[in-house]
J.: 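Here's a structure for you.
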Amino acid sequence: MPTPILMPALSPTMTEGTLAKWLVKEGDTVKSGDVLAEIETDKATMELEAVDEGVIGQIVVPAGTENVAVNAVIAQMQGEGEAEVARPTIKAAKEELPQESEAPEPVAARAPVAAVARPASRPAPPDPDLPAGTPMKMTTVREALRDAMAEEMRRDANVFVMGEEVAEYQGAYKVTQNLLQEFGAKRVIDTPITEHGFAGIAVGAAYRGLKPIVEFMTFNFAMQAIDHIINSAAKTLYMSGGTLPVPIVFRGPNGAAARVAAQHSQNYAAWYAQIPGLKVVAPYTAADAKGLLKAAIRDPNPVVFLENEILYGQSFEVPDVEDYVLPIGKARIARAGKDVTIVAFSISVRDSLAAADLLAGEGIEAEVIDLRSLRPLDRAAIVKSVQKTNRIVAVEEGWPTCGICSEIAAIIMEDAFDALDAPLMRVTGEDVPMPYAANLEALALPTPAKIAAAARAVCYRS
Amino acid sequence: MATKSADPKKKTASADQLLQFYRDMLLIRRFEEKAGQMYGMGLIGGFCHLYIGQEAVVVGIQAALSDKDAVITTYRDHGHMLACGMDAKGVMAELTGRVGGYSRGKGGSMHMFAREKNFYGGHGIVGANGPLGTGVAFANKYLENGELCVAYFGDGAANQGQIYEAFNMAALWKLPIIYVIENNQYAMGTSVTRSSAQTKLYKRGDAFGIPGAQADGMDVLAMLEAAEKAVAHVRAGKGPYILEAMTYRYRGHSMSDPAKYRSRDEVSRIRKERDPIDHLRDRLLADKLADEEKLKEIDRDVKAIVTEATEFAQSSPEPDPSELYTDILIDAA
């Protein structure tokens, strides 16, 4: 029996990759540990090693093939004397994804082997402030963030980026790719693994007039630096009677990635959104990531910029214009509707748009509001939508207690109580430390099905 | 690597400079005594950490710096602000929480800043100003302006982990910073011997290759001499330097400190034998660099400054209620 060699998952969030190069050819005898091929992910190039002894029977996926799905058969290993088996056709990952009209409900949505829900079939309306016919370019969130930093570093010599692996490694998640090459080691600075210390150094540099961008490998590690973010950065303008500004950006992935368990999966949106003196941004699309990161870097205040690891590789249309900057503090209608408002941010916008697709099939037209900024929060946009739909579901990946959804519930009580035809419902991460097991992890997170169920409930359609 | 400084008695200074030191130290002493009194009268609230006894440290070190060099310190900061040339009226009015204070009454004793004097606070979290000062030095190097930063902190902060994170990066990147450890023997109520495995705090940079020296923090000339060496090292581009000032605070950690952790005798003995101001006064008289009349004149001047500050700090109004919601964010352009 031939043994299949499968496309490996080389990171917690990898769903597909490029088979860059074969280092063996058909008929070669290999033993365990031999390098068979080089696999390129969106983060890095990795070597694939043989785990068994045998003879390479067939190379199914030729070198240079892109978008090879994780777990796809890329070659067959044979025992001696075995006949060559039929060559299966190559299927790229994108073709294997569920059709959008199927409105996928992912099982273990974040696991690398599972299908990832794609953006909803109806793309978000373009930025209403953009003139019609603005050229667009498909860009990943990762590239959009990098482009934003590069553009701002070209514009202002006092902007620099520091963090773990941002320079020579090209970014732990490749977000700072090529910045070292363009701007040099003076402005793209690898730090030791000392979040508390380098966050403090960056804040001190901001006191002295520089404009640091601090990359945290994830916001989970920023918990070690949170004293400087809050006590040294957020409060200083006030404590100085307005005399000492702190222009700084703290950015990095926030919230759950995939299968990295409790210490690497926390969502800090509500923590930072509570702090006066900070601005807090959490974009979903690549266009928002670019426009808002540029705004954050220019902002004279400390800005916490919450990214999402799973979204880094997703592509969106980004206006192909010079200097695309968006205002912080403005929500966006990601999908217009009249029956129920779904308010979300970051990756929950993806799930909410998928839920809206499900609901559309049942005759419920959901309006999805992408908050984009969490502080300041666009109260007016939320209230305006609820005054139209009279029903609201609030969604966040983080924990329910004292969360962003709790804040939205309070806003609705204060400003839109009379508009409501049903009580607000929340869909949040479950009130547990993030479990590792794939099934439990999937249960712990918001899903399109949970959001759709809540929307039906507030529409009295369940 | 770490060495004790040479015999400080050799250090000399001009009569003018010595008189200036006397005046600067006396201003801090009288200011702090008045602040303690006003605290007792309920005019100053919250925490109030007095610098009495430690005056020679900041006065000696500041004399070795240029006006453009930056300073950052802890919550025991009134002396540093006065030594940086900040106005006594603005400092005292901040202590009373009035709009005429450096932070318009919003910061208080521990949180004052003066960018025009290159003074970056005034920080209330023990150890935080270590990395923050290192960041100011990072900016100075980035901007290639030739300026250095002095980060003052105490023997208590010397045990904070973030100090060593800062030491590591400062040494790695050769940042222009002097860490001054003001060893006043007690971190709040815990003596150095009870809190520190290595009590020679100037050696705390050994692991990072940062040179350190210890000097008598009760002797302004010893501090000046030690600071000049530190400044020369840093200005030569050799990276950070640690200066441990052996000093003593006469008052409690804060105003509410009952000081049960040390004896009254210990305090009065040091006060009698090692007081930095008395020490300098005796020297000025013995060396005939000033007469009693000249010193009385300085006393009167200093008293007038403190009196004026005290009056201002009581006559300046409290901030307008509308100030509650100002200075939280700067309007983005």
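Quick note on labels: first sequence line is chain A, next is B, and so on, each numbered from 1.
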J.: Consider only side-chain N and O atoms of B:Ser109 and B:His78, and report whether a donor and an acceptor are under 3.5 Å apart.
T.: yes
J.: Can you say whether A:Ile328 sits under 4.5 Å from chain B via the side chain, the backbone, both, or neither, judging by heavy atoms?
T.: neither
J.: Select one option (side chain, backbone, both, neither) describing which atoms of A:His196 are under 4.5 Å from chain B's heavy atoms.
T.: both
J.: Parallel, tilted or perpendicular for B:Phe167 and B:Phe153, by the 30°/60° rule?
T.: tilted
J.: Contact part of B:Asn129 toward chain A, heavy-atom cut-off under 4.5 Å: side chain, backbone, both or neither?
T.: neither
J.: Using non-hydrogen atoms only, which part of B:Tyr102 is less than 4.5 Å away from chain A: side chain, backbone, both, or neither?
T.: backbone
J.: So, applying salt bridge (charged side-chain N to carboxylate O under 4.0 Å, His left out) with A:Asp323, which one of A:Lys290, A:Arg298, A:Arg154 is it?
T.: A:Arg298
J.: So what's closer than 4.5 Å to chain A heavy atoms on B:Glu94: side chain, backbone, both or neither?
T.: neither
J.: Which atoms of A:Ala157 come close to chain B, meaning under 4.5 Å heavy atom to heavy atom: side chain ones, backbone ones, both, or neither?
T.: backbone
J.: Which bit of B:Ile125 comes within less than 4.5 Å of chain A, counting heavy atoms only: side chain, backbone, both or neither?
T.: side chain
J.: For A:Leu237, is it the side chain, the backbone, both, or neither that has a heavy atom closer than 4.5 Å to a heavy atom of chain B?
T.: both
J.: Where does B:Ile177 contact chain A at under 4.5 Å (heavy atoms): side chain, backbone, both or neither?
T.: neither
J.: Is the gap between the ring centers of A:Tyr272 and A:Phe219 under 6.0 Å?
T.: yes
J.: For residues B:His111 and B:Phe113, report the shortest heavy-atom separation together with the two atoms involved.
T.: C-CE1, 3.8 Å
J.: Distance under 6.0 Å and angle within 45° of the ring axis: does A:Lys186 meet both against B:Tyr142?
T.: yes
J.: Heavy-atom pairs under 4.5 Å with chain B: which of A:Ala206, A:Pro212, A:Gly242 has the most?
T.: A:Gly242
